[in-house]
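Report on one structure; see the data block that follows.
Nothing fancy with the numbering, it's 1 onward along the sequence. For clarity, every value in this text was computed on a predicted model and none was experimentally measured.
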Amino acid sequence: MRTRLLLSLLLIPAVCAADPAILIRDAELKRSPASDAESVARLAAEARVETLERKGGWTRVKSAAGEGWVKMLSLRYEGPGSGKSGDSGLAQLFNVARTGSSGTQVTTGVRGLDAEQLAQAQPDKAELAKLGRFAAQPEAAAAFAAEGGLGAQVVAYPKP
């Protein structure tokens with residue numbers, strides 16, 4: 001029991017340590033992990049941050065501008081825990097304990113339809129009628145364009 005407690009106390013700093021990362025593009029630092037959350041600051045590409053926690057597609061970071069959330073795919077990790085090749089089994093164990101994954105790969109995707117589902121697809125007339133209610137009426141669209149100083153423009157498309 002005493003050995004386990006001692007081992008746990010020794011491992012806590014390693015498991016809770018923040019990972020350094022660099023922003024690969026400009027990003028908004030948000031107060032909470034949501035696109036519509038209040039922006040705390042604007043972070044420039046190549047800014048260095050410390051990652052603290054991950055929640056869905058968002059990562060909580062600490063930067064010179066403050067602490068907040070950025071989109072996970074805006075970060076490039078560096079240093080220990082980044083899942084670089086060469087991590088020892090022990091380092092990967094710490095990654096799993098800290099983030100719930102080995103840190104070696106992140107994949108984001110959307111499941112599509114297979115050929116059979118496409119072949120059997122049927123239109124849903126009720127849903128199409130619902131969509132029709134969202135269409136702008138020509139008079140309303142013209143009034144909106146005029147209010148914004150917009151006008152029609154002919155664009156010549158290049159021949160293929």
Side-chain angles (χ1 to χ4, degrees), residues 7-124 126-128 130-136 141 144-145 148-150 153 155-158 160:
L7 183 59
S8 296
L9 290 175
L10 290 173
L11 294 179
I12 286 173
V15 172
C16 296
D19 282 337
I22 296 176
L23 287 166
I24 59 174
R25 62 181 65 89
D26 290 352
E28 291 289 326
L29 187 65
K30 299 286 191 173
R31 188 162 308 283
S32 60
S35 294
D36 59 351
E38 178 187 350
S39 290
V40 175
R42 180 127 183 106
L43 301 177
E46 302 299 319
R48 294 189 177 279
V49 297
E50 294 291 321
T51 62
L52 304 172
E53 154 185 23
R54 199 172 122 205
K55 190 173 194 179
W58 294 85
T59 302
R60 188 167 62 96
V61 299
K62 185 179 359 180
S63 72
E67 193 173 302
W69 296 84
V70 295
K71 291 182 180 178
M72 169 183 71
L73 297 177
S74 297
L75 297 171
R76 179 178 69 234
Y77 290 87
E78 54 182 21
S82 64
K84 296 183 294 189
S85 60
D87 274 353
S88 69
L90 188 57
Q92 286 199 358
L93 174 63
F94 288 147
N95 288 339
V96 171
R98 183 177 61 254
T99 64
S101 70
S102 66
T104 57
Q105 181 177 4
V106 174
T107 303
T108 304
V110 177
R111 182 181 175 269
L113 301 173
D114 62 26
E116 184 179 335
Q117 289 171 316
L118 286 173
Q120 295 177 359
Q122 296 294 317
D124 186 335
E127 291 299 315
L128 185 59
K130 281 184 194 177
L131 286 174
R133 293 193 303 250
F134 292 108
F144 178 80
L150 304 174
Q153 184 174 1
V155 177
Y157 289 99

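A side-chain contact (heavy atoms from CB on, under 4.5 Å) with Lys62 holds for exactly one of Leu29, Val49, Leu52, Thr51; it is Leu52.
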Name every donor-acceptor pair, under 3.5 Å, that has one atom in a side chain of residues 63-70 and the other anywhere in the protein, sequence neighbours excluded.
from	atom 1	to	atom 2	distance (Å)
Ser63	OG	Ala65	N	3.1
Ser63	OG	Gly66	N	3.4
Ser63	OG	Gly66	O	3.1
Glu67	OE2	Arg60	NH1	2.4

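Listed by chain and residue number, Asp114, Gln120 satisfy the side chain to side chain contact (heavy atoms under 4.5 Å, CB included) test with Glu116 (two or more places apart in sequence, or in another chain). With sequence neighbours excluded, no residue satisfies side chain to side chain donor-acceptor pair (under 3.5 Å) with Gln153. Partners of Lys30 by side chain to side chain donor-acceptor pair (under 3.5 Å), not counting sequence neighbours, listed by chain and number: Ser39. Residues satisfying the side chain to side chain contact (heavy atoms under 4.5 Å, CB included) criterion with Ile24, sequence neighbours excluded, are Arg76. By the side chain to side chain contact (heavy atoms under 4.5 Å, CB included) test, Ala47 pairs with Leu23, sequence neighbours left out. Remark: Glu50 engages no residue in a side chain to side chain donor-acceptor pair (under 3.5 Å) (not counting sequence neighbours). The side chain to side chain contact (heavy atoms under 4.5 Å, CB included) test applied to Asp124 returns Ala126, Glu127, not counting sequence neighbours. Qualifying salt bridge (Lys or Arg N to Asp or Glu O under 4.0 Å) partners for Arg25, counting only residues two or more places apart in sequence or in other chains: none. Taking Arg42 as the reference, Glu28 meet the side chain to side chain donor-acceptor pair (under 3.5 Å) condition, with sequence neighbours excluded.
Heavy atoms only, all atoms of each residue included: Arg48 and Ile22 are closest at NH1-CD1, 3.3 Å. Listed here is the closest heavy atom pair of Arg31 and Ala37: N-CB, 4.5 Å.
In this structure, Asp26 contributes its side chain and Ala45 its backbone to a donor-acceptor pair below 3.5 Å.
The CH2 atom of Trp58 lies 5.0 Å from the NZ atom of Lys71; values are rounded to the nearest 0.5 Å.
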